[in-house]
Amino acid sequence: MRDAITNLIKNYDVTGRYLDRNAIDELKSYFESGTGRLAAAGVINANAASIVKQAGRQLFDDQPELIRPGGNAYTTRRYAACLRDMDYYLRYASYALVAGDTHVLDERVLQGLRETYNSLGVPIGPTVMGIQIMKGIVKEQVAAAGIQDTGFVDQPFDHMTRELSEQDI
Ligand SMILES: CCC1=C(C)/C(=C/C2=NC(=C\c3[nH]c(/C=C4\NC(=O)[C@H](C)[C@H]4CC)c(C)c3CCC(=O)O)/C(CCC(=O)O)=C2C)NC1=O
C-alpha cells in the first residue's frame with residue numbers, strides 16, 4: 001500500500017534527489033487538502049450504509065432490468081452481492097482519499113476484477129454508474145460538512161471507473 005508521501009519520497013529516492021520545489025508543492029497541496037480528506041472519511045464512515053442504499057436505489061431506478069428476471073442483480077443473493085460490491089468500492093475509496101493515492105485500489109480492489117465480472121456476467125457499465133452515483137452523494141455530503149472545494153473526492157471514484165471501463169485487448 002502507498003500514500004501520497006511515501007510515493008513521492010520513493011520517486012525521489014530512486015534518483016537520489018533532495019525534495020525540490022515540485023516535491024514541496026506537491027506535499028503542500030496534499031497537506032492543504034488534508035482537512036477535506038479527513039472530513040470525507042468522516043462523512044463516509046458515518047453514512048456508509050445509507051450512501052450504499054441510496055446509490056443502489058438510484059441505480060435500480062435507472063436500470064430496472066438489472067433486478068428483473070435475467071438481470072445480473074436478480075435474486076436476493078445477487079442483489080445483496082451487488083450492494084456488497086458497492087460497499088467495497090465506497091470503503092476502499094475512503095482509504096484512497098485519506099492516502100491521497102489510488103494504489104490501494106489497484107492492489108486490493110481492481111486486480112483481476114474485470115476478469116471476475118466478465119466470467120460472472122456482471123455488467124461493467126451499470127457498475128460504473130453505481131460508483132459515479134456514490135461519488136455524487138459523497139461530494140454533496142462533504143460540501144454539506146463545510147468543505148468548499150470537493151474536487152479531490154473525484155479521484156478514487158474516477159480511478160475505479162477508468163480502470164474498470166478499460167477495454168480488454
Ligand atoms: C474488496 C474487493 C472485492 C471486490 C470488488 C469483489 C467483487 C466481486 N463481486 C462478485 C460478484 C457479484 N457482483 C455483483 C454486482 C452487480 N451486479 C449487477 O448487476 C450490478 C451492476 C452490480 C452491483 C453494482 C453481483 C450480482 C455478483 C454475483 C454474481 C453471481 O454470483 O452470479 C464476486 C464473485 C464472488 C462473490 O460473489 O462474492 C466478486 C469477487 N470481491 C472482492 O473481494
Side-chain angles (χ1 to χ4, degrees), residues 1-7 10 30 33-34 36-144 150-169:
M1 213 181 300
R2 280 203 304 253
D3 59 60
I5 297 172
T6 52
N7 197 28
K10 184 181 67 114
Y30 175 68
S33 62
R37 292 176 187 281
L38 293 184
V43 157
I44 293 173
N45 173 58
N47 304 290
S50 79
I51 293 170
V52 169
K53 201 166 147 199
Q54 190 188 330
R57 198 183 307 129
Q58 216 168 306
L59 176 66
F60 297 131
D61 277 351
D62 283 354
Q63 310 277 317
E65 68 282 5
L66 291 172
I67 49 173
R68 289 189 190 134
N72 186 263
Y74 177 66
T75 76
T76 315
R77 181 188 67 80
R78 289 207 296 259
Y79 184 95
C82 178
L83 292 187
R84 178 215 55 197
D85 283 8
M86 302 253 279
D87 187 61
Y88 284 150
Y89 298 135
L90 183 62
R91 179 161 58 88
Y92 280 97
S94 78
Y95 297 163
L97 280 170
V98 170
D101 192 288
T102 54
H103 188 250
V104 65
L105 301 173
D106 297 334
E107 195 177 69
R108 303 288 166 87
V109 180
L110 295 164
Q111 196 157 308
L113 183 61
R114 244 175 337 129
E115 293 71 15
T116 303
Y117 270 14
N118 288 339
S119 73
L120 290 168
V122 177
I124 303 279
T127 299
V128 160
M129 280 179 68
I131 291 172
Q132 290 295 318
I133 293 169
M134 290 198 291
K135 175 177 93 174
I137 298 172
V138 171
K139 286 183 82 162
E140 268 170 29
Q141 295 192 356
V142 170
T150 60
F152 68 90
V153 174
D154 294 357
Q155 193 190 33
F157 295 97
D158 289 353
H159 181 77
M160 289 188 283
T161 294
R162 256 193 317 274
E163 294 295 312
L164 268 174
S165 307
E166 210 173 88
Q167 291 299 309
D168 275 326
I169 312 161

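In each ligand, atom 1 is the first atom listed, and ligand 1 is the first ligand listed.
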Nearest protein heavy atom to atom 33 (C) of ligand 1: under 4.0 Å?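 Yes, there is a protein heavy atom closer to it than 4.0 Å.
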Mark yes or no for whether R78, through its side chain, and Y74, through its backbone, hold a donor-acceptor pair below 3.5 Å.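 At least one qualifying donor-acceptor pair exists.
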Going by the rule side chain to side chain donor-acceptor pair (under 3.5 Å), which residues pair with T150 if we only count those two or more places apart in sequence or in a different chain?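 So T150 forms no side chain to side chain donor-acceptor pair (under 3.5 Å) with any residue.
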Would you mind checking which non-hydrogen protein atom is closest to [atom], with the distance to 0.1 Å?
atom                    : value
atom 29 (C) of ligand 1 : R78 CD, 3.8 Å
atom 27 (C) of ligand 1 : A81 CB, 3.6 Å
atom 17 (N) of ligand 1 : N72 OD1, 2.8 Å
atom 3 (C) of ligand 1  : Y88 CD1, 3.6 Å
atom 40 (C) of ligand 1 : T116 CG2, 3.9 Å
atom 12 (C) of ligand 1 : D85 OD2, 3.7 Å

Side chain proximity check, [X] to [Y], heavy atoms < 4.5 angstrom:
X    : Y    : answer
L66  : L59  : yes
F157 : I133 : no
T102 : E163 : no

Considering only heavy atoms of [X], which atoms of ligand 1 have at least one such atom less than 4.0 Å away?
X    : result
Y92  : 1 (C)
L66  : 19 (O)
P126 : 21 (C)

Q155 side, atom CD; D101 side, atom CG - distance, nearest 0.5 Å: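 Separation between the atoms: 7.0 Å.
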With sequence neighbours excluded, tell me which residues meet salt bridge (charged side-chain N to carboxylate O under 4.0 Å, His left out) with D158.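 Result, salt bridge (charged side-chain N to carboxylate O under 4.0 Å, His left out) vs D158: K135.
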If we set the cut-off at 4.0 Å for heavy atoms, which region of L113 has an atom near ligand 1: side chain, backbone, both, or neither?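 Answer for L113: side chain.
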